[in-house]
Amino acid sequence: MLDSAERLCVARGSRLTELRRLVLGLVLDAGRPVGAYDLLDGLRADKKGAAPPTVYRALDFLLEQGLIHKIQRLSAFVGCTHVLDASHAHAGGCHPHAAQFLICTGCGQVTELDDRNIVHALVDATRDIGFMVRQSTVEAEGLCGACRTGSPVPARADGAP
Ligand SMILES: [Zn+2]
Ligand SMILES: [Zn+2]
């Protein structure tokens, strides 16, 4: 996944530096939404003395490239499941301006949707009042299938597999 992210950046004329790559790796490894300070802790294992601005700059770059998303509700970051999945139709050109996230309050997992119907419904509903949607992020809270059927995946604080 890191290699495909690197190829993507090269194709766009930007650079996935070692540091940006490290931060992206930490986000992907977590497998669940991870906060900036957890990332800083993880980064310090490799880069002693890494400071918050370093992490924030790397996160800004990754957000700009659509490689990760920020879940506002959780102030945490997740890897974009679409842009890094070569089999997905949007691979290489995701949808940084329209995404939907399903946040499970049981296990903390976030599932990313890329449903154009939701975006179109929003655009249609607002057009009549003269509003033009430029970007939209939907964050829905609820229970995932596993949590609803009573076999919850325990929430992990340490991010270990
Ligand atoms: Zn995405
Ligand atoms: Zn769940």
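When a ligand or atom number is given, it counts from 1 through the structure's own listing order. Note that the coordinates shown come from a computational prediction; the quantities given were computed from them, not determined experimentally.
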For SG in C80 and NE2 in H69, the angle at the Zn ion (ligand 1) (nearest 10°) is 110°
Row for the Zn ion (ligand 2): angle SG (C144) to SG (C147), 10° precision, value 110°
Could you check whether any side-chain N or O of R57 sits under 3.5 Å from a backbone N or O of R20, counting only pairs where one atom can act as donor and the other as acceptor? no
The Zn ion (ligand 1) has as its nearest N, O or S atom from E112 the atom OE2
Vertex the Zn ion (ligand 2), ends C104/SG and C107/SG: angle to nearest 10° comes to 110°
Exercise. Where the side chain of E139 meets the backbone of R73, is there a donor-acceptor pair that is under 3.5 Å apart?
Worked result: yes
Requested in this report: May I ask you to say whether D124 pairs ionically with R127, meaning some side-chain N is under 4.0 Å from a carboxylate O?
Outcome: yes
For D3, the salt bridge (Lys or Arg N to Asp or Glu O under 4.0 Å) test, sequence neighbours excluded, returns R21
inquiry  = Any N/O/S atom from D114 (main chain or side chain) under 2.8 Å of the Zn ion (ligand 1)?
reply    = no
Report all side-chain donor-acceptor pairs from residues 41-49 shorter than 3.5 Å, counting only partners two or more places apart or in another chain.
from, atom 1, to, atom 2, distance (Å)
R44, NE, A50, O, 2.9
R44, NH2, A50, O, 2.9

